[in-house]
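The structure under discussion appears below in the form of C-alpha cells.
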Amino acid sequence: MREKQIAMTEAVYYILLSLQTPNHGYGIIQNTMELTAGRLELGAGTLYGAINTLLDKEWIRLYSEDKQSRKKKQYIITEDGSLALQREIERLEELLENGKRMVQERDAFSDVLINHNGKPEMEGKKGAADEKVQVVF
C-alpha cells in the first residue's frame, strides 16, 4: 500500500520548487511571483516560518551564508525534499485527472440539469416536461 501523503500548502510547494538550485528568501519570493504570474506573493512571515519547518523536516538545508552582509542565507532542496515534492506533484496530478474525468462525465449528461429543488429538468428541449428522465445518484 502506498504511503499516505499529507497535502502541502501552496507556499511550501512553491518554496520547494524554488530551491531546485540554491536560492535565498528574496529569490524564493521573486520566483514564486514569476511562476504564479503574480497571483501568489509570499509574505516574510509565511516564507521564513515555512523555511524553518522545512529545515526541521530536513526537506531543505542551508547551502551558504554570507555573514558579512545581513547574513543572507541560501537554501537548497534535499533528497527527502525532492521525494516529498515528487509525491505532491503526483497527488496534484491525481486531483486534476479526477476533476477532469468527473466534469467530462457530467458533460456527457449535460442535457439533464438538477434545479435548485434537487429535481431533474431538461435544458433547451421543447416538450421536456413531457419526457421521462431517470437520474441515478
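Counting only residues at least two apart or in different chains, salt bridge (charged side-chain N to carboxylate O under 4.0 Å, His left out) contacts with residues 11-26 are absent. Applying the salt bridge (charged side-chain N to carboxylate O under 4.0 Å, His left out) test to pairs two or more places apart or on separate chains, none has a residue in residues 15-31. Under the salt bridge (charged side-chain N to carboxylate O under 4.0 Å, His left out) criterion, no residue pair touches residues 20-29, with sequence neighbours excluded. Here salt bridge (charged side-chain N to carboxylate O under 4.0 Å, His left out) pairs that include residues 28-37, with residues two or more places apart or in two chains, number zero.
Following chains of ILVMFWY side-chain contacts shorter than 4.5 Å, one cannot reach Y26 starting from I51, and the two form parts of different hydrophobic clusters. Hydrophobic cluster membership is shared by L95 and L16, with clusters built from Ile, Leu, Val, Met, Phe, Trp and Tyr side chains linked at under 4.5 angstrom.
Summarising the geometry, atom CE belonging to M102 is positioned 13.5 Å from atom CD belonging to E97; distances are rounded to the nearest 0.5 Å.
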Exercise. Starting from the C-alpha separation in whole Å, work towards a yes-or-no answer on side chain to side chain contact (heavy atoms under 4.5 Å, CB included) for T32 and L47.
Key: CA-CA 11 Å; T32 299; L47 174 68; over 6 Å; no
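Applying the side chain to side chain donor-acceptor pair (under 3.5 Å) criterion to N31, with sequence neighbours excluded, gives S18. Every side-chain contact (heavy atoms from CB on, under 4.5 Å) that N98 has, sequence neighbours left out, goes to E94, R101. Under the side chain to side chain donor-acceptor pair (under 3.5 Å) criterion, N52 pairs with no residue, sequence neighbours left out. Residues meeting the salt bridge (charged side-chain N to carboxylate O under 4.0 Å, His left out) test with E10, sequence neighbours left out: R39. For Q86, the side chain to side chain donor-acceptor pair (under 3.5 Å) test picks out E90, with sequence neighbours left out. With sequence neighbours excluded, the residues that form a side chain to side chain donor-acceptor pair (under 3.5 Å) with S64 are Q74. Residues meeting the side-chain contact (heavy atoms from CB on, under 4.5 Å) test with Q20, sequence neighbours left out: I77, L85.
Grouped with I76 in one hydrophobic cluster are Y63, the linkage being side-chain heavy-atom contacts under 4.5 Å among Ile, Leu, Val, Met, Phe, Trp and Tyr residues.
Here the shortest heavy-atom pairing between M8 and Y13 reads SD-CA, 4.1 Å. The nearest pair of heavy atoms linking E88 to A7 is OE1-CA, 3.9 Å. In terms of heavy-atom proximity, G25 sits nearest to Y48 at CA-OH, 3.3 Å.
Using a 4.5 Å heavy-atom cutoff, the side chains of L54 and L19 are not in contact. Contact check for Y75 versus N23: no side-chain heavy atoms found under the 4.5 Å cut-off.
With T78 contributing its side chain and R61 its backbone, the two residues share no donor-acceptor pair below 3.5 Å. Judged purely by atom type and a 3.5 angstrom limit, T46 has no side-chain atom pairing as donor or acceptor with the backbone of L42.
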